[in-house]
Participant: 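The following block contains the structure, expressed as structure tokens.
Start at 1 and go down the list; that is how both ligands and their atoms are numbered. In this text the structure is predicted, and so the values were computed from the model without any measurement. Hydrogens, waters and symmetry mates play no part in the numbers below; they use all other heavy atoms, side chains included.
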Amino acid sequence: MSQKQLAIIGNPVSHSFSPKMHNYISKKLGLDYFYSAIEVLDEDFDSAIENLTKNNFCGFNITAPYKVRIMDKVDVLSPEAKLFGSVNTCVNKNGKLYGYSTDAPGLYRSLIHEGIDITDKDILFIGAGGVTTPIMIHFFDKGAKSISIINRTIEKAQKISEYVEKVCKKKVNVGLDKSHYDIVINTTSVGMHPKTNQSPVYEIDYIDKNTAVIDLIYNPEKTLFLELCEKKGAKTVNGLGMLIGQGILSYELFTNTKLPDSIFDDIMKDVFNRK
Ligand code: ATR
């Protein structure tokens with residue numbers, strides 16, 4: 001049988017770790033899939049998706065800037081993808097495209113791996129990036145006690161808050177409403193390479209040794225924000241786990257398999273050279 005094809009679609013994609021990660025999993029499991037990166041221009045998006053579907057690609061990941069646009073191309077949306085308003089994984093089943101969103105569940109999986117529990121926790125989101133809404137909905141679904149959001153542009157935070165409140169029937173506080181948060185998560189791009197000398201916030205009185213802080217950025221490995229939080233004694237986690245978590249879940253959807261739990265550490269070690 002010929003090799004089965006997978007890919008990531010976006011612009012740019014040349015720096016994506018997904019090909020390395022997915023090809024590693026295939027090799028490790030002895031499955032005959034090949035995963036490539038396909039950079040697609042705005043004007044070529046429609047035809048690119050049609051070609052992938054026609055050419056029997058088993059599935060593909062979608063990254064920026066197409067995670068919302070792809071929703072129109074999908075025949076069957078998973079309930080989560082519909083609620084999240086975003087698709088990062090498409091599976092081609094006999095010419096029909098099924099759309100899923102593995103970003104938020106991927107983050108959740110990586111947090112379990114880190115021993116961070118969401119249940120009954122007061123959670124603060126810093127920023128209104130594209131993955132904020134899915135993560136909030138997923139965290140409420142997993143038992144978060146309260147969710148608050150701060151953002152440079154307050155209107156964007158308000159919009160997210162209104163949407164999540166409607167979907168989850170739970171209040172999302174806009175602004176700092178507590179003196180302490182159990183979990184703080186940065187979804188902004190502030191501090192990302194090459195502007196590593198910036199932090200989204202500097203006043204962090206609400207963070208202490210009982211706070212777990214997650215920065216979705218993984219380059220650099222430790223952002224200035226995480227450094228500041230570490231100085232206050234917080235447990236810190238970068239975004240590499242989310243990248244790995246969403247990749248594992250996508251791979252499981254592409255191949256209709258369940259990967260062993262050990263694959264997370266294998267990828268961390270063998271693909272990313274981390275312990
Ligand atoms: P995504 O691609 O996921 O939407 P992004 O555009 O890289 O993410 O980042 C969006 C988030 O980073 C927003 O919360 C944005 O704040 P605004 O809503 O005010 O634009 C935040 N962000 C980006 N640059 C920022 C900066 N210099 N200071 C503060 N927040 C910033």
Participant: Any idea which protein heavy atom is nearest atom 31 (C) of ligand 1, and the distance to it?
Facilitator: Val190 CG2, 3.4 Å
Participant: What part of Thr153 sits under 4.0 Å from ligand 1 if we count only heavy atoms: the side chain, the backbone, both or neither?
Facilitator: both
Participant: Would a search of protein heavy atoms around atom 2 (O) of ligand 1 find one under 4.0 Å away?
Facilitator: no
Participant: Can you check atom 6 (O) of ligand 1: any protein non-hydrogen atom closer than 4.0 Å?
Facilitator: no
Participant: I want to know whether Phe272 and Tyr218 have ring centres closer than 6.0 Å.
Facilitator: no
Participant: Does an N or O from Arg152, backbone or side chain, lie closer than 3.5 Å to an N or O of ligand 1?
Facilitator: yes
Participant: Can you find a side-chain donor-acceptor pair between Asp265 and His113 that sits under 3.5 Å?
Facilitator: yes
Participant: Does an N or O anywhere in Val131 fall below 3.5 Å from an N or O of ligand 1?
Facilitator: no
Participant: Could you verify whether a donor N or O on one side chain and an acceptor N or O on the other, from Ser101 and Glu80, lie under 3.5 Å apart?
Facilitator: no
Participant: Looking only at protein heavy atoms, which one is nearest to atom 9 (O) of ligand 1, and how far off is it?
Facilitator: Ser189 OG, 3.6 Å
Participant: Kindly say whether Ala81 contributes a backbone atom to a donor-acceptor pair with the side chain of Ser78 at under 3.5 angstrom?
Facilitator: yes
Participant: Pull out every atom of ligand 1 sitting under 4.0 Å from any heavy atom of Gly127, numbered as shown with elements.
Facilitator: 14 (O)
Participant: Is it true that a side-chain atom of Asn88 and a backbone atom of Asn61 form a donor plus acceptor pair closer than 3.5 Å?
Facilitator: no
Participant: Report yes or no: do Asp122 and Ser146 form a side-chain donor-acceptor pair below 3.5 Å?
Facilitator: yes
Participant: Tell me whether Thr188 has any N or O atom under 3.5 angstrom from an N or O of ligand 1.
Facilitator: no
Participant: Identify which of Ile217, Asn151, Ile154 has a heavy atom lying nearest to atom 13 (C) of ligand 1.
Facilitator: Asn151
Participant: Distance under 4.0 Å to a non-hydrogen atom of Lys156: what atoms of ligand 1 satisfy this?
Facilitator: 17 (P), 18 (O), 20 (O)
Participant: Can you report which non-hydrogen protein atom sits closest to atom 10 (C) of ligand 1, along with the distance?
Facilitator: Gly129 CA, 3.8 Å
Participant: Is the Tyr33 to Phe254 ring centre distance short of 6.0 Å?
Facilitator: no
Participant: In terms of atom number and element, which parts of ligand 1 are under 4.0 angstrom from non-hydrogen atoms of Ala128?
Facilitator: 13 (C), 14 (O)
Participant: Are the side chain of Glu252 and the backbone N or O of Leu259 linked by a donor-acceptor pair below 3.5 Å?
Facilitator: yes
Participant: Tell me yes or no: between the side chains of Thr257 and Tyr251, is some donor less than 3.5 Å from an acceptor?
Facilitator: no
Participant: Which ligand 1 atoms does Gly130 reach within 4.0 Å, using its non-hydrogen atoms?
Facilitator: 1 (P), 3 (O), 4 (O)
